[in-house]
Structure formats: C-alpha cells, structure tokens
Amino acid sequence: MKYRLLERLLVYITLTGIWTTATSQPISLTLTEVTRGIVSPVGMACPDDGTNRMFVHEQGGKIKIIKDGKLLEEPFLNISSKLDGLNIAYSEKGLLGLAFHPDYKNNGRLFVYYSAPYKHPSLDHKSIIAEYHVSKTDMNKAAPEEIVIMEIYQPESNHNGGMLAFGSDMYLYIGTGDGGGGGDQHGTIGNGQNLNTLLGKILRIDVNGRKPYAIPYDNPFVGQENTRAEIWAYGLRNPWRFSFDAPSGKLFCGDVGQNTYEEVNIIEKGGNYGWRIMEGLHCFDPKENCPTNNLIKPIAEYDHGKGISVCGGYVYRGNNNPLLQGHYIFGDWSGKLFILAPQPGGTWKFIIPDVDDSGSNDISGKINAMGQDQNGEIYLLTQKLFGPKSPTGIVYRVSQKK
Ligand SMILES: [Ca+2]
C-alpha cells in the first residue's frame with residue numbers, strides 16, 4: 001500500500017518536472033547517530049514482523065538488536081566460536097551475512113553466512129551458509145541449533161562476498177567472491193567466468209522445501225552441462241553487498257574492483273558482469289581489445305581517486321526525505337558516500353553529496369555496510385578504527401539536509 005502512494009508521488013514528480021530539478025541540484029546529507037559501541041558492524045537486516053527491530057551483525061560473530069534506537073546488550077546470536085581466526089589488523093572473514101526469511105513472523109527462520117576453519121593444503125577456509133531459528137520463548141534470542149545449508153571452499157582468505165537476501169520470489173540470493181588473491185588467477189579463465197564453480201557469482205537457491213535446498217526451476221543454467229545450477233549471475237569479483245529495491249524489482253550490487261575501478265551493477269538473470277575480462281568499464285585481462293560482447297556493463301563506476309572499495313547500498317524508499325526518493329545511496333569503505341540519481345531513459349547520474357556541511361562526502365570513518373529498515377530509511381554501518389575487533393562501530397541514519 002505504501003508503495004502505491006510512492007508510485008503516485010513519482011508520477012507527479014516526473015510530470016511536473018521537479019524530478020530533473022531535484023537531481024541536478026547538489027544533495028546535502030545529514031548523519032544522525034543511532035547507536036555506538038558495536039564491534040565491526042558489517043551488515044544489517046530487519047525482519048518483516050512488525051517490531052521495527054534492526055539486527056546488526058558484527059564481523060566477530062555476534063548479532064545485536066537495535067530496538068527503538070537502543071542497542072540491546074545481550075546478543076541475539078553468538079557464533080564467534082564457529083569462526084575461522086580473524087587477523088586483528090584486517091580480515092575479510094567473519095560473520096558476513098544475515099537474512100530473515102520473508103515469512104519470519106510465522107516461521108522464525110533466519111540465515112547466516114560465515115567463514116569457518118577448514119584444514120586442507122590448497123584451501124584457506126570454507127564459507128558456510130546456515131539456518132537458525134528464533135527461540136520459542138524469547139523473541140530477542142535465537143535458538144543455538146544450526147542447520148548447514150551450503151558450504152563453499154575458499155582458496156584464499158579474501159574476497160568472500162557474504163551477502164544474503166531474499167527476493168520477492170522467496171528465493172535466497174547469495175553473493176560469493178572470486179576466491180581471492182588478486183586478478184582472479186584461478187584456473188585458466190578465473191573463477192568469475194567459470195560457470196562450474198560457485199565462486200565469483202550471485203547464487204539463487206530455494207530453501208522453502210527440500211533440504212538442505214533446491215534449485216529453482218527457472219535458474220538460468222539449469223540442465224546445462226559443466227555449470228552449477230545455483231548460479232543466477234556471474235563475472236563478479238567481490239559482490240560484498242547487494243540489495244533488492246522492492247518497488248522496481250531491481251537487484252543492485254556493488255562489486256569491489258581490483259586496483260583501479262569500483263562499480264555498481266543491476267543484476268539480471270544469467271548476466272555476465274565481466275570480471276576478470278573487465279574491471280568496471282575497462283579491459284583487465286587481456287589489457288587491450290578484450291572481448292566485451294555479452295558482458296553487462298555497470299550502471300556506474302568510479303576510480304581510486306574517489307574511493308578504494310565499493311560498498312553496495314540501498315534505494316531510498318522512506319517517507320522522511322522526499323529528495324532522496326528512488327535514489328540509490330551507497331558508499332566506499334574509505335568513508336565516502338555516493339548517490340546514483342535515476343534519470344529519464346533509465347540511466348543513473350553519479351552525485352557526490354555534501355555530508356554534514358563538511359564540504360566533502362567523507363564521514364570520517366570506515367563504511368563497512370549499509371542497511372534499510374522496514375520503513376525504507378537508510379543506515380550506515382561504520383567504524384572509526386580498523387580491524388574486526390575494534391569496538392568503534394557507529395550506526396547512523398542517513399537523511400537529506402533539511
Ligand atoms: Ca563488472
């Protein structure tokens with residue numbers, strides 16, 4: 001219902017020409033602190049259960065609840081003992097993803113993605129996608145029992161993806177990195193282009209019936225030889241964060257680049273997003289005259305003069321900030337915020353907002369991830385200092401400057 005009202009507003013804005021005026025003006029954002037003291041917050045998810053609780057997961061293995069702006073001290077879930085060791089200075093491993101089932105209110109099912117130890121001469125660790133359930137007696141606690149859904153072997157410590165989200169189709173989408181190292185030097189064509197591995201992909205699985213999961217019949221590579229039927233899209237390097245925009249049905253993904261370009265993609269069924277052939281809009285391997293036919297180009301890229309590691313965000317769908325309506329707000333780990341404004345013709349305009357009248361788009365901290373609550377408002381998950389154990393995490397709400 002609320003989206004129908006939004007659509008009417010968008011039609012009104014488009015017809016009256018306010019749209020183009022709004023998107024051609026510089027945008028100023030304000031950050032409002034929601035809570036602090038979280039240890040390396042790397043993701044947020046909100047169950048559709050009417051409680052308006054925000055669940056933030058810490059890299060070190062705890063899921064914490066923010067209720068009415070207050071951080072509950074006791075974790076909802078703590079799986080820190082299951083994690084592979086985290087380098088205190090920097091790590092891309094940990095509790096990397098959390099998603100609530102769309103029918104969580106009735107079935108209490110939630111899913112996590114984490115890095116677990118795995119002893120093998122050619123592997124660094126394994127990623128586990130697992131299911132948990134809410135406690136039968138306490139809505140702010142998960143039951144400790146785990147059901148493993150999927151394991152993915154990881155040859156290197158980095159590029160582990162980790163995003164989990166359900167689509168409106170009730171299927172679970174999973175982001176996986178290319179296996180790590182640099183330049184995707186795995187096999188002959190790299191993992192991103194290899195349809196016979198789960199690495200460097202966005203996967204789509206059905207966790208609503210058969211255990212541990214089933215393949216949706218309409219996945220793009222079902223029935224094709226030498227492919228993994230779980231694959232929804234490929235040619236990705238490290239799709240650290242993606243999100244669904246429910247009103248448009250679009251799946252937005254920030255794919256972290258190698259040394260030069262960061263990119264944002266709209267993910268389509270069966271799409272090849274280019275890595276390692278291309279980095280952003282540029283040939284990567286081979287360096288010149290790379291074969292770009294059939295590759296889907298990003299809707300935006302930026303170079304390492306503007307950031308270092310893209311953090312996919314969300315399309316703003318709240319009621320409090322009409323200027324931001326329909327805009328994709330995302331960031332960069334270096335602490336920069338960016339906006340993509342929708343343009344007539346389906347293109348996106350790259351806007352560098354001013355944050356808190358600083359004259360720049362820098363938040364003075366790291367941006368680990370972003371979040372969106374049930375009302376469509378957008379949050380930043382940040383930390384002041386490096387490392388998976390740093391208790392300097394702050395969650396901010398993002399608003400337009402009034
Ligand atoms: Ca790409």
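Please read these numbers as outputs of a predicted model, since none were measured by experiment. When a ligand or atom number is given, it counts from 1 through the structure's own listing order.
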Would you please classify the geometry between the W275 ring and the F284 ring as parallel, tilted or perpendicular, with 30° and 60° separating the classes?
tilted
For Y213, the side chain to side chain donor-acceptor pair (under 3.5 Å) test, sequence neighbours excluded, returns E230
Around the Ca ion (ligand 1), what protein N, O or S atoms are found below 3.0 Å?
E263 OE1, E263 OE2, Y273 O
What orientation do F100 and Y104 show, parallel under 30°, tilted 30 to 60°, or perpendicular over 60°?
perpendicular
How would you list, by chain and number, every residue that makes a side chain to side chain donor-acceptor pair (under 3.5 Å) with K82, sequence neighbours excluded?
none
Please name all residues satisfying side chain to side chain donor-acceptor pair (under 3.5 Å) with D332, sequence neighbours left out, ordered by chain then number.
Y302, S334
Member of R317, Q372, K250 meeting the side chain to side chain donor-acceptor pair (under 3.5 Å) criterion with D245
R317
